[in-house]
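Chain identifiers are assigned alphabetically (A, B, ...) following the order of the sequence lines, protein sequences preceding nucleic acid strands; residue numbering begins at 1 within each chain. Note: hydrogens, waters and symmetry copies are ignored here, and every other heavy atom, side chains too, is used.
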There are 2 protein chains.
Amino acid sequence: MTGRIGHAPKGLSRIQERNRSRIIEGGLAEFSRFGYSGTTIEKIAVATGMSKSNLLYYFSSKAAIYEAVLAHILDVWLAPLRGLDPEKDPATELAAYIHQKIKMSAELPEASRLFANEVLQGAPRIQRVMEEDLKSLVDEKSEVIRHWIRAGKLEAIDPVQLIFTIWAMTQHYADFQTQIQILTGKTLDDPDFRQEAETTVTRLILRGCGLELKDGTGQGDAL
Amino acid sequence: MTGRIGHAPKGLSRIQERNRSRIIEGGLAEFSRFGYSGTTIEKIAVATGMSKSNLLYYFSSKAAIYEAVLAHILDVWLAPLRGLDPEKDPATELAAYIHQKIKMSAELPEASRLFANEVLQGAPRIQRVMEEDLKSLVDEKSEVIRHWIRAGKLEAIDPVQLIFTIWAMTQHYADFQTQIQILTGKTLDDPDFRQEAETTVTRLILRGCGLELKDGTGQGDAL
DNA sequence: TGAAGACTTGACCAAACGGTCAAGATGATA
DNA sequence: TATCATCTTGACCGTTTGGTCAAGTCTTCA
């Protein structure tokens with residue numbers, strides 16, 4: 001009863017750190033599959049190998065787990081866009097951005113699906129984050145794209161529309177994985193399919209902006 | 001007790017027809033907003049102005065309502081792709097297809113979100129439909145695209161990837177409406193924004209395929 | 001070693017939910 | 001108007017679910 005945890009970010013014991021991580025991991029798996037309402041604390045407990053009561057020792061409620069999961073993946077999910085560098089040339093940067101986004105869809109499809117689920121339902125729990133952090137990030141990167149356009153490095157195109165279409169195409173591979181697998185038998189786990197997806201998206205975006213990519217494949221992996 | 005309804009498609013009374021429609025309509029609104037698990041029969045009842053018991057008079061279970069909703073929108077949702085005509089030229093046809101898909105996302109965003117929700121969760125209830133009807137439709141239309149490519153009317157591109165990217169971009173405006181509204185303050189309800197979206201998507205797709213659109217705007221509305 | 005906290009759990013509770021049922025209201029038909 | 005099938009509803013039931021609690025186990029450290 002004395003061991004109040006609440007939302008203290010400081011002084012997590014080894015056990016707390018480990019168990020909170022496990023819960024967030026299991027929560028991500030369940031929430032991304034079944035949505036918020038379709039997920040029960042009990043199912044997360046089973047997924048993590050812990051008891052339901054113990055989950056509620058570390059998080060005060062189901063909603064608290066959900067929010068922790070969301071917060072945990074938000075930064076990593078937005079990282080690629082943050083990396084868009086106005087000093088480099090747009091073809092390289094856009095191709096790299098698409099590469100990163102495809103990579104995220106391949107390696108963290110659950111994160112993509114969780115966001116999709118959340119936004120689909122009106123983003124009731126991350127509205128504030130979107131209105132503040134995401135909005136300012138998108139505004140900032142829109143300005144980068146406008147900078148390229150003003151510099152004559154890029155054809156005129158609405159920056160926000162450009163960002164939306166990149167999001168749409170890349171995340172589609174994670175969000176609609178089931179459909180894609182049914183129709184093609186493949187997912188982004190298949191290296192050939194993944195390369196084909198990346199090539200297609202890159203081609204559409206770059207050409208749509210009047211750009212050309214020098215090197216056909218094999219972009220660097222570094223952020 | 002004698003008035004068995006079950007799944008008899010024949011001989012629906014006027015009242016039955018009206019009430020089943022209302023339930024499907026209300027069900028679409030609720031299921032698309034909150035997902036299957038997040039929707040309660042009671043909420044659908046309130047939305048339709050009927051009692052919970054009465055809903056269960058017309059449909060044997062919540063799952064039955066859900067399936068009726070799904071079935072109801074499936075045909076109309078796939079209609080645009082069915083219209084892809086191999087005899088006409090690809091630029092016109094692809095532009096028309098994108099136009100239709102944007103139109104659907106604008107006018108039936110709930111249908112788009114319902115499908116997105118369903119697929120996101122592994123398509124547990126429409127897997128068969130996708131494996132059979134959708135797969136054969138996509139196969140057929142992929143062949144149309146390949147036909148264009150063989151005839152030299154279209155650059156070489158993977159037909160399935162092309163279809164996926166069109167789906168991704170157009171449906172994104174419905175599925176992520178909340179996000180788009182937060183970031184731009186607009187939705188497809190805004191005529192200017194809708195035109196901008198359609199122009200952007202059309203431009204990316206056509207250029208990506210090495211095509212040009214003669215007429216900039218104002219495509220016909222007819223199917 | 002032993003005490004004080006941190007950690008874990010099973011039993012339990014109230015609310016919400018899907019679904020049943022019997023009884024009443026309404027509409028069609030003669 | 002009388003009759004019967006259709007339609008509608010409130011009361012009710014069993015299950016599931018989020019969350020509480022008291023009691024027990026394990027860690028840590030003097």
Side-chain angles (χ1 to χ4, degrees), chain A residues 1-24 26-27 29-31 33-70 121 124-125, chain B residues 1-27 30-31 33-70 121 124-125:
Chain A
M1 201 59 57
T2 44
R4 277 294 79 197
I5 290 174
H7 285 288
K10 293 237 175 194
L12 292 177
S13 76
R14 216 177 8 166
I15 295 178
Q16 279 192 30
E17 192 142 356
R18 200 197 52 167
N19 283 350
R20 287 176 76 98
S21 292
R22 280 169 62 192
I23 294 169
I24 287 175
E30 296 298 317
F31 284 128
R33 254 236 244 314
F34 306 104
Y36 181 78
S37 303
T39 298
T40 67
I41 303 180
E42 175 67 26
K43 275 181 5 183
I44 301 176
V46 169
T48 60
M50 297 167 69
S51 73
K52 188 180 99 172
S53 295
N54 210 14
L55 259 65
L56 289 162
Y57 172 73
Y58 287 102
F59 293 93
S60 59
S61 66
K62 176 181 168 182
I65 300 176
Y66 186 75
E67 279 155 27
V69 171
L70 230 34
Q121 306 196 357
R125 291 158 206 278
Chain B
M1 204 56 59
T2 44
R4 276 296 79 197
I5 292 175
H7 285 286
K10 293 236 175 195
L12 292 177
S13 78
R14 217 178 5 163
I15 295 178
Q16 280 192 29
E17 192 143 355
R18 199 199 51 165
N19 282 350
R20 288 177 75 96
S21 292
R22 280 169 62 193
I23 294 169
I24 287 174
E25 207 175 323
E30 296 297 318
F31 284 128
R33 254 237 244 317
F34 306 105
Y36 181 79
S37 304
T39 298
T40 67
I41 303 179
E42 175 67 27
K43 276 184 357 186
I44 300 176
V46 170
T48 62
M50 297 168 66
S51 72
K52 189 179 99 174
S53 295
N54 211 14
L55 260 64
L56 289 163
Y57 173 73
Y58 289 102
F59 293 93
S60 60
S61 66
K62 175 182 170 183
I65 301 176
Y66 187 76
E67 279 156 26
V69 172
L70 231 34
Q121 307 195 359
R125 291 159 206 276

Rounded to whole Å, the CZ-C1' distance (A:F59 to D:dT20) equals 19 Å
Exercise for review: Give a yes/no on whether any side-chain N or O of A:Y57 is located under 4.0 angstrom from OP1 or OP2 of C:dT8.
Suggested key: no
>> Does B:R22, at its CZ atom, have more than 12 non-hydrogen atoms belonging to other residues, nucleotides or ligands within less than 6.0 Å?
In response: yes
One should read off an interatomic distance between A:E42 CD and A:S53 OG, to the nearest 0.5 angstrom, of 9.0 Å
Whole-Å distance, B:E17 CD to D:dT6 C1', equals 16 Å
| For D:dT8, does OP1 or OP2 lie under 4.0 Å from any side-chain N or O of B:N19? | yes
Whole-Å distance, A:L55 CG to C:dC7 C1', equals 13 Å
Review point. Are side-chain heavy atoms of A:I65 and A:T39 found at a separation under 4.5 Å?
Key: no
Between CD1 of A:I23 and P of C:dC7 the distance, given in whole Å, is 11 Å
Q | Heavy-atom side-chain contact between A:Y58 and A:I24 under 4.5 Å | A | no
- Task: Give a yes or no answer on whether the side chain of B:K43 reaches the backbone of B:G38 with a donor-acceptor pair at less than 3.5 Å.
- Result: yes
Between B:N54 and D:dT9, is there a contact of a side-chain N or O with OP1 or OP2 at under 4.0 Å? yes
Counting just side-chain N and O atoms, does A:Q16 come under 4.0 Å of either OP1 or OP2 of C:dC7? yes
With sequence neighbours left out, the residues meeting ring pair (Phe, Tyr, Trp, His ring centres under 6.0 Å) with A:Y36 are A:F31, A:Y66
Please list, pair by pair, any protein nitrogen or oxygen found under 3.5 Å from a nitrogen or oxygen in nucleotides 17-20 of chain C.
unit_1: C:dG18; atom_1: OP1; unit_2: B:T39; atom_2: O; d: 3.3
unit_1: C:dG18; atom_1: OP1; unit_2: B:K62; atom_2: NZ; d: 3.0
unit_1: C:dG18; atom_1: OP2; unit_2: B:I41; atom_2: N; d: 3.1
unit_1: C:dG18; atom_1: N7; unit_2: B:K52; atom_2: NZ; d: 3.0
unit_1: C:dG19; atom_1: OP2; unit_2: B:K62; atom_2: N; d: 2.7
unit_1: C:dG19; atom_1: N7; unit_2: B:K52; atom_2: NZ; d: 3.4
unit_1: C:dG19; atom_1: O6; unit_2: B:K52; atom_2: NZ; d: 3.0

Extract from the structure each pairing of a protein N or O with an N or O of nucleotides 27-30 of chain D at less than 3.5 Å, listing the distance.
unit_1: D:dT28; atom_1: OP1; unit_2: A:R14; atom_2: NH2; d: 2.6

So does B:E25 have more than 12 non-hydrogen atoms from other groups sitting under 6.0 Å from CD?
no
**Prompt:** Given D:dT8, is OP1 or OP2 found less than 4.0 Å from the side-chain N or O atoms of B:Y58?
**Reply:** yes
Taken to the nearest 0.5 Å, the spacing of A:K62 NZ from A:L55 CG works out to 12.0 Å
note: B:R20, atom CZ; D:dT8, atom C1'; distance rounded to Å ~ 16 Å
Is A:S51 near enough to C:dG10 that one of its side-chain N or O atoms lies under 4.0 angstrom from OP1 or OP2? no
*Verify, without hydrogens or angle tests, whether B:S37 (side chain) and A:S37 (backbone) share a donor-acceptor contact under 3.5 angstrom.*
no
